[in-house]
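Notes follow the structure.
Letters go in sequence order (proteins before strands), and every chain restarts at 1. Because the structure is a prediction, the values reported are computed rather than measured.
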Amino acid sequence: MKPARTRFAPSPTGFLHVGGVRTALFAWLLAKQTGGQFILRIEDTDKAREVAGSIEHIQESLGWLGLTWDEGPTKQSDRLDIYKQWAQKLIEKGRAYADPYSPEELQAFREQARADKRPFLFRDHRPENPPEWDGKRPLRFKSEPRAYAWHDEVMGNLETGPEVVDDFILIKSDGYPTYNFAHIVDDNDMDITHVLRGQEFLASVPNYLNLYEALGITPPIFATMPHILGPDGKKKLSKRDGAKDILDYREEGYLPEAMINFLATLGWNDGSEQEVFSREELIEKFSLKRVQRNGAVFDERRLLWLQGAHVRGLDTAKLYGIVGTKASAANFWPPEAFNEPFDDSYRLKVLGLVQERLKFFTELPELTRFFFVDLPVNPELINSHKQLKKLSNGELKDLLEQAKSSLLESDFSIDDLTARLNNLLEKTEQKPAVLFSLIRIATTQAPASPGLADTLAVLGKDRSLVRIDQQIAAL
RNA sequence: GGCCCCGUCGUCUAGUGGUCCAGGAUAUCUGGUUCUCAUCCAGAAGAUCGCGGGUUCGAAUCCCGCCGGGGUCACCA
């Protein structure tokens, strides 16, 4: 496949949400797959909607996901002269004219069209002798409506009649170009080969096609992405539905690999039954032709599962680097994890034990706190245990004393601990559900923890015995 | 209202005329894995393929109609 030059062209109006990121991802995958370039372009032609800091925020978001750009960010506001030059060409060719109407007059036309239950077309009101364009009025494209049939890599073959082509605005009265005009000039200037964009632009394509012709530009390949849907399965996912800033997922401790896997398989699959993909596999296997035409509901439970799958698949040492160290700008450990005498080796062992039950990283403190702090005895853990609550305090104490005297002799290796725990089972004639539960509760004071022998081995002899004593004293 | 897009288990999806009274994953439920949670394994339940016609020996797959949903008709992108 020839090298593709794709672009992601957000407007700096706030944070990036999953929909925008997925479009960026697909464009990036296409560029990587073909050995082409991925370009970041900022569509800042609407001064009123611009939000300070969003350009940096967008770059931060793409950076987190590893969607690095080869060129840009280029701001459209820096290219005003270029749009004016192309506009001038259109004026000279008689394909652009000044819009003589006031906003109020325009609004009246629209309302009339609405009342007549017909679509509004500006060209129905095209002035016979438009004033010369002074840069203070909007400049409109003089369309030459005709029917179009074109191909969209995702949507397939599309066609429309001439009735949908209209005289849209090229340059606004503030001197800035519209998206409709600027993106065509820019894509041409930047040699963009594939334009990926959301479904909301589909209806405008005939207009663009008409403009491409007037400009003498060969259109790029179009690929229209279906919407990502909210929980109702109908409308586009919105902030109201909980569409979050993509960087929020970083704060919650999601892996960029999991997010990318999730987004890529929301509306795309390779035709096999594979669900978990690495970044490299996505680059290799992605294809626009296999992108769904229908919208897909954003289901965070699927993201959660994928996150777990990626976390489990990671080398523990690598995961350790990701959840952060004391020196990191941010880490996900409970603060006590950095108290004396806990070191990297201890924390690494703890992480190894909780890795398979770790989903997003903000869960790490509740999963691991008891490895770093002697939690107070929680009587509820025994009182609510369906076997332990039947035993008297004397019986419980006796079991713990027996455990203690055996563990006192142990070297706390996994093998020795396992052997001793099994011996205790025989000696006390108790079921694991009783004995192991009791020791587990005594040594962790947590509703859930990794396997008993593993946990004891990591806690070590001193901490384990202190906690057993603590439990005995509380009975 | 015009134009355009879409319609397979709750969700993400496989499927392009027969191997599909529809496969996988997830979510849910059940059982197993010496203790809890998780993982893992096994199993259950879950879709008259939006509806109705037609073409065909045979249709989720092709054709027509309808219904439902969405997008668009901005000096926003």
Side-chain angles (χ1 to χ4, degrees), chain A residues 9-11 13 43-46 48-49 99 103 106-107 110 113-122 137-140 152 154-156 158-161 163-164 166 168-174 176-180 182-183 197-207 224 226-227 229 231-236 262 265-276 292-302 304-306 308 312 354-359 367 381 385 387-388 418 421-422 425 431-441 444 446-453 455:
Chain A
S11 54
T13 53
E43 314 237 307
D44 59 340
T45 55
D46 186 351
R49 292 205 313 152
D99 178 345
L106 255 185
Q107 192 51 33
R110 275 201 196 91
R114 197 182 171 78
D116 297 345
K117 298 197 170 189
R118 55 180 170 80
F120 169 70
L121 281 174
F122 185 90
R137 298 170 189 275
L139 183 71
R140 279 192 188 262
D152 184 291
V154 173
M155 294 296 169
L158 303 170
E159 51 182 89
T160 52
E163 69 280 0
V164 299
D166 195 20
F168 57 93
I169 290 180
L170 302 167
I171 309 260
K172 297 180 274 184
S173 57
D174 64 3
Y176 282 82
T178 57
Y179 164 84
N180 298 144
H183 89 273
R197 68 191 10 146
Q199 222 184 32
E200 63 271 28
F201 294 100
L202 200 53
S204 304
V205 172
N207 279 138
T224 299
H227 283 146
L229 275 19
D232 68 351
K234 290 176 184 173
K235 289 190 179 157
K236 189 162 83 158
F262 171 65
T265 51
L266 231 200
W268 170 86
N269 73 83
D270 73 342
S272 75
E273 289 181 350
Q274 184 171 355
E275 305 279 347
V276 180
Q292 298 280 336
R293 290 197 177 113
N294 52 314
V297 174
F298 178 86
D299 186 357
E300 231 173 77
R301 286 176 302 182
R302 184 177 157 77
L304 200 61
W305 167 69
L306 243 12
R312 273 173 253 127
V354 300
Q355 181 168 4
E356 71 181 20
R357 61 210 82 203
L358 182 61
K359 292 276 196 310
L367 250 31
L381 291 174
H385 188 106
Q387 318 254 17
L388 293 179
T418 306
L421 289 170
N422 282 334
L425 237 31
K431 289 180 173 171
V434 172
L435 184 70
F436 289 5
S437 291
L438 180 60
I439 303 174
R440 198 194 67 74
I441 287 168
T444 65
S449 63
L452 185 52
T455 302

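Distance check on atom C1': B/rG31 versus B/rU16 gives 41 Å, rounded to whole Å. Atom name P, nucleotides B/rG46 and B/rC6: the rounded distance is 31 Å, in whole Å. For the P atoms, the distance from B/rC64 to B/rC4 is 14 Å, rounded to whole Å. As rounded to the nearest Å, B/rA14 and B/rU55 have C1' atoms that lie 26 Å from one another.
Within the 4.0 angstrom heavy-atom criterion, no nucleotide atom of any strand lies near A/Lys236. Within the nucleic acid shown, A/Gly451 comes within 4.0 Å of at least one base atom, counting heavy atoms only. Within 4.0 Å (heavy atoms only), A/Leu452 reaches at least one base atom of the nucleic acid. Within 4.0 Å of A/Thr444, counting heavy atoms only, lies no atom of the nucleic acid at all. Residue A/Arg110 is classed as a sugar-phosphate contact, given heavy-atom separations below 4.0 Å to backbone atoms only. Across all strands, A/Thr418 comes closer than 4.0 Å to base atoms (heavy-atom distances). Residue A/Phe201 is classed as a base contact, given a heavy-atom separation below 4.0 Å to a base. Note on A/Glu275: a base of the nucleic acid sits closer than 4.0 angstrom, heavy atoms only. Residue contacts shown for A/Leu425 include a base, since a base heavy atom lies under 4.0 Å away. Within 4.0 Å (heavy atoms only), A/Gln274 reaches no atom of the nucleic acid at all. Looking at heavy-atom distances under 4.0 Å, A/Arg312 makes contact with sugar-phosphate atoms alone, never a base. A/Pro450 comes within contact range of at least one nucleobase, with a heavy-atom separation under 4.0 Å. Counting any heavy atom pair closer than 4.0 Å across all strands shown, A/Thr160 reaches sugar-phosphate atoms only and no base atom. Note on A/Asp166: nothing from the nucleic acid sits closer than 4.0 angstrom, heavy atoms only.
When both pairing distances are held under 3.5 Å, B/rC37 makes no Watson-Crick or G-U pair with any nucleotide shown. In this structure B/rG50 sits in a base pair with B/rC66, meeting the Watson-Crick or G-U test at under 3.5 Å. Remark: B/rC3 base-pairs with B/rG71. Criterion, Watson-Crick or G-U wobble with two distances under 3.5 Å. Pair check for B/rG10 finds B/rU26; Watson-Crick or G-U wobble, both atom distances under 3.5 Å.
For the OP1/OP2 pair of B/rU36 and a distance below 4.0 Å, the side-chain nitrogens and oxygens of A/Gln387 include no atom meeting the criterion. A/Lys172 has a side-chain polar atom (N or O) that falls below the 4.0 Å cut-off from OP1 or OP2 of B/rC76. A close approach under 4.0 Å does occur between a side-chain nitrogen or oxygen of A/Arg140 and OP1 or OP2 of B/rC75. Within the structure, every side-chain polar atom (N or O) of A/Ser272 is placed at least 4.0 Å from both OP1 and OP2 of B/rA14. Listed pair A/Asn269 / B/rU13 fails the phosphate criterion, with no side-chain N or O lying under 4.0 Å from OP1 or OP2. Distances shown here put every side-chain N or O of A/Lys234 at or beyond 4.0 Å from the OP1 or OP2 atom of B/rG71.
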**Prompt:** Can you list the steps and then say if A/Leu388 with A/Val434 is a side chain to side chain contact (heavy atoms under 4.5 Å, CB included)?
**Reply:** CA-CA 6 Å; A/Leu388 293 179; A/Val434 172; 3.8 Å; yes

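Note: A/Phe122 and A/Phe120 have perpendicular aromatic rings, judged against thresholds of 30 and 60 degrees for the angle between ring planes.
Rounded to whole angstrom, the span from the CD1 atom of A/Ile171 across to the C1' atom of B/rA77 amounts to 16 Å. Rounded to a whole Å, the CZ atom of A/Arg293 is 15 Å from the P atom of B/rU16.
For B/rC37, the base has a donor-acceptor partner in the side chain of A/Arg357 [N/O atoms by modelled type, under 3.5 angstrom]. For B/rC75, its base sits under 3.5 Å from the side chain of A/Ser173 at one donor and acceptor pair at least. Interface remark: the A/Glu273 side chain does not form any donor-acceptor pair with the B/rG23 base, using a distance-only criterion of under 3.5 Å. For a distance-only test at 3.5 Å, the side chain of A/Asp299 fails to qualify as a donor-acceptor partner of the base of B/rU26.
Using a 4.0 Å cut-off between charged nitrogen and carboxylate oxygen, A/Asp232 and A/Lys234 do not count as a salt-bridge pair. Salt-bridge check for A/Glu275 with A/Arg302: passed, with a basic side-chain N closer than 4.0 Å to an acidic carboxylate O.
More than 12 heavy atoms of other residues, nucleotides or ligands shown are found within 6.0 angstrom of NZ on A/Lys172.
If you look at A/Phe262 and A/Phe298, their ring centroids are closer than 6.0 Å.
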